[in-house]
Amino acid sequence: MLEVFLVSPYLVNGCTGKMGKAVVEAVVSAGIHIVPVSFGGLKNAGKTVQVGGKDIQMYGPYERERILASILNDYPNLIVVDYTVPAAVNDNVELYCKIGVPFVMGTTGGDRNRLYKTVESSKVYAVISPQMGKQLVAFLATMENMAEQFPGVFSGYTLQVMESHQAGKLDTSGTAKAVISYFQKLGVSFEVDQVKKIRDPKQQNEMVGVPKEYLSGHAFHMYHLESPDKTVSFEFQHNVCGRSIYAEGTVDAAIFLAKKVQSKADKFIYNMIDVLREGAMR
Ligand SMILES: NC(=O)C1=CN([C@@H]2O[C@H](COP(=O)(O)OP(=O)(O)OC[C@H]3O[C@@H](n4cnc5c(N)ncnc54)[C@H](O)[C@@H]3O)[C@@H](O)[C@H]2O)C=CC1
Ligand SMILES: O=C(O)C1=N[C@H](C(=O)O)C[C@H](O)C1
């Protein structure tokens with residue numbers, strides 16, 4: 001039987017940011033309709049900006065409820081994509097849940113426990129993940145499997161974590177936090193505040209090896225494990241330059257979510273491992 005699937009229009013919040021722009025461009029090139037509205041910070045409120053060849057009307061923190069409700073009325077299949085800032089995560093999720101609009105949350109940080117509680121009590125469909133890149137999601141899934149199958153296998157090992165991102169990144173890597181949670185299940189004693197964050201472009205280029213052209217948009221991660229007697233060590237690295245891997249994954253997440261909404265799936269909250277497992281990443 002042929003699958004009947006209505007392509008949903010997407011509204012991308014934070015569309016003037018690095019990820020917001022990359023996602024709008026990926027959505028446009030996938031031939032999906034962009035709703036020409038976006039919620040951002042105060043700086044752009046009231047402005048019309050050009051992103052991905054579209055004129056997009058920006059709104060600040062005020063009037064958001066009225067605007068989003070009216071957009072959902074005009075576009076009942078709407079999917080919201082959020083790439084804003086950690087400080088906006090919880091307010092945004094509360095708004096999406098209040099209005100009842102399905103959303104993809106790519107923004108990291110904020111109070112993650114509160115975020116999940118809000119979504120759980122609202123029965124709004126959502127994909128929430130600090131990492132949208134297909135191969136990186138597969139790495140997270142592998143770590144999750146190892147932690148489930150061999151809990152405690154790295155007990156006594158010491159862990160060092162380094163992450164380097166563009167100077168403007170406000171929080172500690174959400175991906176590193178996820179990986180650390182798996183290492184904790186594997187028996188390693190390590191807290192997120194022990195992560196070495198590198199935000200200085202000179203150090204990033206000279207010490208970490210980030211190419212100069214990607215200093216303004218990169219995500220390099222290194223995890224080094226060592227046995228108590230220092231005779232055994234492990235190192236995991238994932239280094240990403242640019243934004244396209246996440247933008248493509250976000251489009252996959254939004255298409256996946258639209259299908260879940262339209263099929264009235266029993267489960268409401270998904271992560272990218274769910275999207276990958278269902279074969280929904282191109
Ligand atoms: N899930 C994933 O795979 C990825 C997640 N990210 C996350 O996405 C988020 C955004 O990253 P970038 O685009 O690099 O940041 P950015 O700083 O380039 O963009 C942030 C955007 O948020 C807007 N903004 C500022 N204050 C706001 C507010 N109060 N409400 C709504 N919008 C506001 C800014 O105007 C800007 O458009 C970060 O949390 C980052 O960690 C980034 C890359 C991949
Ligand atoms: O801010 C970024 O750039 C990134 N954020 C995500 C995170 O915090 O894990 C994903 C990737 O590291 C890029």
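Small disclaimer: the values here were computed from a predicted structure and weren't measured.
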Counting only pairs under 3.5 Å, give me each side-chain donor-acceptor contact of residues 9-31, with atom names and distances, residues two or more places apart or in other chains.
from : atom 1 : to   : atom 2 : distance (Å)
Y10  : OH     : I255 : N      : 3.3
N13  : OD1    : F39  : N      : 2.8
N13  : ND2    : Y96  : OH     : 2.8
T16  : OG1    : N44  : ND2    : 3.3
S29  : OG     : E25  : O      : 3.4
S29  : OG     : A26  : O      : 3.4

Using a 3.5 Å cut-off and no angle test, enumerate the donor-acceptor pairs between side-chain atoms of residues 179-195 and protein atoms at least two apart in sequence or in another chain.
from : atom 1 : to   : atom 2 : distance (Å)
S181 : OG     : A178 : O      : 2.6
Q184 : NE2    : F190 : O      : 2.7
Q194 : OE1    : E191 : N      : 2.7

Tabulate below the donor-acceptor pairs under 3.5 Å that side-chain atoms of residues 51-61 make, not counting sequence neighbours, or state none.
from : atom 1 : to  : atom 2 : distance (Å)
D55  : OD1    : Q50 : NE2    : 3.1
Q57  : OE1    : T48 : OG1    : 3.3

Could you tabulate the donor-acceptor pairs under 3.5 Å formed by side-chain atoms of residues 102-109, not counting sequence neighbours?
from : atom 1 : to   : atom 2 : distance (Å)
T107 : OG1    : D82  : O      : 3.0
T107 : OG1    : D82  : OD1    : 2.6
T107 : OG1    : T84  : N      : 2.8
T108 : OG1    : D171 : OD2    : 2.6

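Contact detail for V119 and A126: the closest heavy-atom pair is CG1-CB, 4.1 Å. Shown here for A254 and I79, the closest heavy-atom pair between the two residues is CB-CG2, 4.2 Å. Nearest approach of F256 to A280, heavy atoms of both residues: CD1-CB, 3.8 Å.
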Checking Q160 against L225 for the side-chain contact (heavy atoms from CB on, under 4.5 Å) test, could you report, in this order, the C-alpha distance in whole Å, the side-chain angles of both residues, the deciding distance, and whether it holds? CA-CA 7 Å; Q160 285 177 292; L225 285 159; over 6 Å; no
Tell me, with the steps shown, if L115 and R112 meet side-chain contact (heavy atoms from CB on, under 4.5 Å). CA-CA 5 Å; L115 183 167; R112 304 306 274 191; 3.8 Å; yes
Could you give me the CA-CA distance, side-chain angles and deciding distance for H238 and Y223, then say whether ring pair (Phe, Tyr, Trp, His ring centres under 6.0 Å) is met? CA-CA 9 Å; H238 47 92; Y223 313 87; 5.5 Å; yes
Take E120 and I269 through the test side-chain contact (heavy atoms from CB on, under 4.5 Å) and record every step on the way to the result. CA-CA 8 Å; E120 274 156 19; I269 308 180; 3.7 Å; yes
Under the side chain to side chain donor-acceptor pair (under 3.5 Å) criterion, do Y75 and S8 qualify, and how do the steps go? CA-CA 8 Å; Y75 302 95; S8 294; over 6 Å; no
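Residues satisfying the side-chain hydrogen bond (donor to acceptor under 3.5 Å, both in side chains) test with S164, not counting sequence neighbours, are Q204, H218. In this view, R66 and E63 satisfy the salt bridge (charged side-chain N to carboxylate O under 4.0 Å, His left out) rule, not counting sequence neighbours. By the side-chain contact (heavy atoms from CB on, under 4.5 Å) test, P76 pairs with no residue at all, sequence neighbours left out. With sequence neighbours left out, the side-chain contact (heavy atoms from CB on, under 4.5 Å) criterion links K202 to D200, E206. By the side-chain hydrogen bond (donor to acceptor under 3.5 Å, both in side chains) test, K98 is found to be paired with E65, residues two or more places apart in sequence or in another chain being considered. For K267, the salt bridge (charged side-chain N to carboxylate O under 4.0 Å, His left out) partners two or more places apart in sequence, or in a different chain, are D274.
Ion pairing between R282 and E248 holds under the 4.0 Å rule for side-chain N and carboxylate O.
The shortest distance between side-chain heavy atoms of L78 and V35 falls below 4.5 Å. Side-chain contact between P211 and C241: present, with at least one pair of heavy atoms (C-beta onward) separated by less than 4.5 Å. Using a 4.5 Å heavy-atom threshold, the side chains of I71 and I67 count as touching. Contact check for R64 versus D91: side-chain heavy atoms found under the 4.5 Å cut-off. Residues V137 and V275 form no side-chain contact, since every pair of their non-hydrogen atoms from C-beta on lies 4.5 Å or further apart. Between E278 and K260, some side-chain heavy-atom pair lies under the 4.5 Å cut-off. Residues F220 and E163 fail the side-chain proximity criterion, which asks for heavy atoms closer than 4.5 Å.
F154 and M162 fall into different hydrophobic clusters, where Ile, Leu, Val, Met, Phe, Trp and Tyr side chains are chained together by heavy-atom contacts under 4.5 Å. Hydrophobic clustering (side-chain heavy atoms under 4.5 Å, transitive across Ile, Leu, Val, Met, Phe, Trp, Tyr) groups L276 together with M146. Under the 4.5 Å side-chain heavy-atom criterion for Ile, Leu, Val, Met, Phe, Trp and Tyr, I34 and I32 are members of the same hydrophobic cluster. Under a hydrophobic-cluster definition in which Ile, Leu, Val, Met, Phe, Trp and Tyr are linked whenever side-chain heavy atoms come within less than 4.5 Å, directly or via other members, V208 and V240 are assigned to different clusters. There is no path of hydrophobic side-chain contacts, each under 4.5 Å, that joins L68 to Y62.
Distance check, rounded to the nearest 0.5 Å: CE of M272 to CG of L140 gives 10.5 Å. How far OH of Y125 is from OG of S263: 6.5 Å, rounded to the nearest 0.5 Å. Remark: S129 OG to Y246 OH distance equals 11.0 Å, nearest 0.5 Å. The line from CD of Q203 to CG of L215 is 12.0 Å long, rounded to the nearest 0.5 Å. How far NE2 of H224 is from CD of Q237: 11.5 Å, rounded to the nearest 0.5 Å. The distance from atom NE2 of H165 to atom OG of S216, rounded to the nearest 0.5 Å, is 13.0 Å.
The six-membered or imidazole ring of H221 lies away from that of F139, with a centre-to-centre distance of 6.0 Å or more.
Within the structure, the salt bridge (charged side-chain N to carboxylate O under 4.0 Å, His left out) test picks out the following pairs touching residues 222-247 (sequence neighbours left out): E226-K230. The salt bridge (charged side-chain N to carboxylate O under 4.0 Å, His left out) analysis of residues 128-144, with sequence neighbours excluded, yields the pairs E144-R277.
In this structure, T118 contributes its side chain and E94 its backbone to no donor-acceptor pair below 3.5 Å. N271 places no side-chain N or O within donor-acceptor distance of the main-chain N or O of I128, the cut-off being under 3.5 Å.
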